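Here is the naming used below: chain letters follow the sequence lines, and residue numbers restart at 1 for every chain. Note that this is a predicted model, so its numbers are computed, not measured.
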Amino acid sequence: MKIALWNSRTGRKEEFEPLRPDRVRMYVCGPTVYDRAHIGNARPAVVFDLLFKLLRHCFGEAQVVYVRNITDIDDKINNRARELADGSGDSLRATIRRVTDETIGWFHEDMGALGVMLPTHEPRATDYVSEMIEMIKALIAAGHAYVADGHVLFDTPSYPQYGSLSRRSLKDMQAGARVEVAPYKANELDFVLWKPSDSTLPGWDSPWGRGRPGWHIECSAMSLKLLGESFDIHGGGSDLLFPHHENEAAQSFCAHPDASFARLWMHNGMVRVNGQKMSKSLGNFLTVSELLDRGMAGETMRFILLGTHYRQQLDWTARRVEEARSVLGEWRRITRDVAADDAGCHRDVLDMLADDLNTPGAMSALHRLAAQGCSAELAASAKFMGLLNSALPDGLAGRVSEILKVRDQMRSCRNFAVSDTIRDSLQDAGIVVQDTAGRSKCHFEPMGRYDGQLAKVEKVLEELEVMAASEARGG
RNA sequence: GGCGAGUUGGCGGAAUGGCUACGCAACGGAUUGCAAAUCCGUACCAUACCGGUUCGAAUCCGGUACUCGCCUCCA
């Protein structure tokens with residue numbers, strides 16, 4: 001099956017063909033770990049997770065290498081750790097490690113709730129500092145970088161193609177520059193490869209003194225080590241195109257002039273809230289964790305994120321949440337009696353995904369399967385897209401069926417007051433009961449965290465037992 | 001100011017020249033102990049605007065308006 005992907009480097013949709021037929025290599029910029037991931041951070045994770053799944057399907061699971069890095073060297077992390085370290089008595093170094101480890105744990109938890117698989121490799125920048133130093137040395141030796149005032153800077157004029165990835169000219173960028181240029185820069189667009197650390201900040205020994213790497217070189221070094229000089233796909237949010245990806249590409253091309261670095265660049269659009277980009281600095285963000293706490297299922301978020309084409313901006317609204325919930329509830333009802341593994345992903349869904357991840361089109365195909373009553377295909381295809389996957393607490397299904405048995409008895413002796421109460425209580429626990437001709441059926445509504453669901457169900461069961469006991473005594 | 005993306009019914013959102021998908025929401029009826037689901041029906045009579053090419057345009061070309069993103073840390 002052929003996959004077409006939009007290449008933001010060329011501005012065209014291109015047929016995807018890996019550089020090596022036996023190996024598909026993809027690098028995506030991952031989180032900077034200092035805080036909870038918001039729904040905007042989740043978008044690339046979900047989008048490229050779906051691409052990962054599609055590539056694995058097309059090229060074989062073992063052939064696809066997906067690297068999503070973890071940026072754990074960053075001044076935002078240092079600042080956050082400093083706030084926490086003050087007064088705690090811990091060293092800054094220990095606090096940084098604690099913050100980054102904890103945030104990585106949160107990230108995995110939240111992405112897991114969204115049905116995001118772990119990538120093949122998840123390198124931490126702190127484990128690749130020596131590779132970064134090597135690359136910086138090579139760039140200096142090749143005349144693409146210079147040392148100034150304890151910093152090492154990339155010399156943008158030494159790379160005439162600078163700007164070609166984001167397709168903008170140096171002149172335009174200079175005209176629009178809004179930021180004060182550091183005095184040690186020879187040219188205003190030059191960017192930091194290495195910067196000095198004072199004794200309080202984390203630092204590594206280098207030929208230029210104790211310091212830490214700039215953000216852009218982290219990705220260049222990690223992709224080089226894990227994927228090689230040339231690889232197939234580089235992804236990330238559209239806000240990273242400039243300067244992050246432009247700089248990354250410049251460094252890597254200059255360090256390895258004979259290689260192609262990333263052939264295909266993919267950028268997802270931004271998530272907006274009330275017409276504004278969701279971002280930490282604007283403070284208008286919704287974290288995945290917070291939404292889970294409020295009872296929103298991870299798959300509901302995933303559904304919304306995939307409901308708009310990845311290159312488009314996406315508006316996060318209450319209305320879309322309602323729609324997602326309603327559709328997923330419906331699909332759960334339709335697929336409640338089928339095993340998803342019986343069928344593969346439907347061809348129509350795959351065709352849509354293979355066309356530059358046309359997820360809205362794929363959703364339509366899912367709706368068509370639902371309308372045609374192809375429940376097994378719907379279950380399998382939805383599962384392929386990472387939907388209808390939520391695991392239920394152990395023992396829940398058994399207890400629910402016990403309750404429904406009692407409820408059916410109540411209904412058959414027309415004790416509707418009790419049977420309606422049971423239905424309401426179950427609904428409250430995320431279990432939707434529907435009465436068909438003979439007996440009732442139920443499906444599980446997607447919920448945020450399932451904590452407490454089992455407890456609620458057990459409470460219903462308990463109340464029924466108490467009631468039965470008192471009736472037995474009374475009778 | 002530069003660069004880029006976009007504007008399709010109440011909402012979301014496909015479709016790159018051939019009767020404008022699909023979903024959500026709404027309304028009426030059947031059905032139901034009540035709900036839900038299902039079935040039947042209704043309505044919203046949608047391609048930002050102006051011009052061009054064409055037998056035929058949401059789609060191609062030119063222009064206008066508006067929205068958003070990037071140019072600064074950002075997914």
Atom-to-atom span, [atom1] of [X] to [atom2] of [N] - whole angstrom:
| X | N | atom1 | atom2 | result |
| --- | --- | --- | --- | --- |
| A:Ile304 | B:rG23 | CD1 | P | 19 Å |
| A:Met270 | B:rG4 | CE | P | 18 Å |
| A:His244 | B:rC70 | NE2 | C1' | 15 Å |
| A:Lys277 | B:rA5 | NZ | P | 18 Å |
| A:Leu314 | B:rG69 | CG | P | 14 Å |
| A:Asn7 | B:rG4 | CG | P | 16 Å |

For [X], which contact category applies under a 4.0 Å heavy-atom criterion: base, sugar-phosphate, or nothing?
| X | value |
| --- | --- |
| A:Gly11 | nothing |
| A:Met278 | base |
| A:Leu240 | sugar-phosphate |

Of the nucleotides [options], which has the atom closest to the [X] side chain?
| X | options | answer |
| --- | --- | --- |
| A:Thr308 | B:rG12, B:rC70, B:rC24 | B:rG12 |
| A:Arg319 | B:rC71, B:rA75, B:rC11 | B:rC11 |
| A:Arg320 | B:rG13, B:rA75, B:rG2 | B:rG13 |
| A:Ser364 | B:rG69, B:rC71, B:rC22 | B:rC22 |
| A:Asn358 | B:rA15, B:rC24, B:rA75 | B:rA15 |

message: Whether A:Arg80 and A:Glu83 form a salt bridge (side-chain N of Lys/Arg under 4.0 Å from carboxylate O of Asp/Glu) is what I want to check.
response: yes

task: State plainly whether the residues A:Glu299 and A:Arg332 are in salt-bridge range, i.e. N to O under 4.0 Å.
output: yes

query: Is any side-chain N or O of A:Gln313 under 3.5 Å from a base N or O of B:rG69, one able to act as donor and the other as acceptor?
result: no

task: Using heavy atoms to find the nearest nucleotide of RNA chain B for A:His309 and A:Glu322 separately, return the residue whose nucleotide is more 5′.
output: A:His309

query: In the 5'-to-3' direction, what one-character label does each nucleotide of nucleotides 28-41 of chain B receive under the scheme B = base within less than 4.0 Å of a protein heavy atom, S = sugar-phosphate only, - = no such atom?
result: -----BBBBSS---

query: Do the two ring centres, one from A:Trp316 and one from A:Phe285, sit under 6.0 Å apart?
result: no

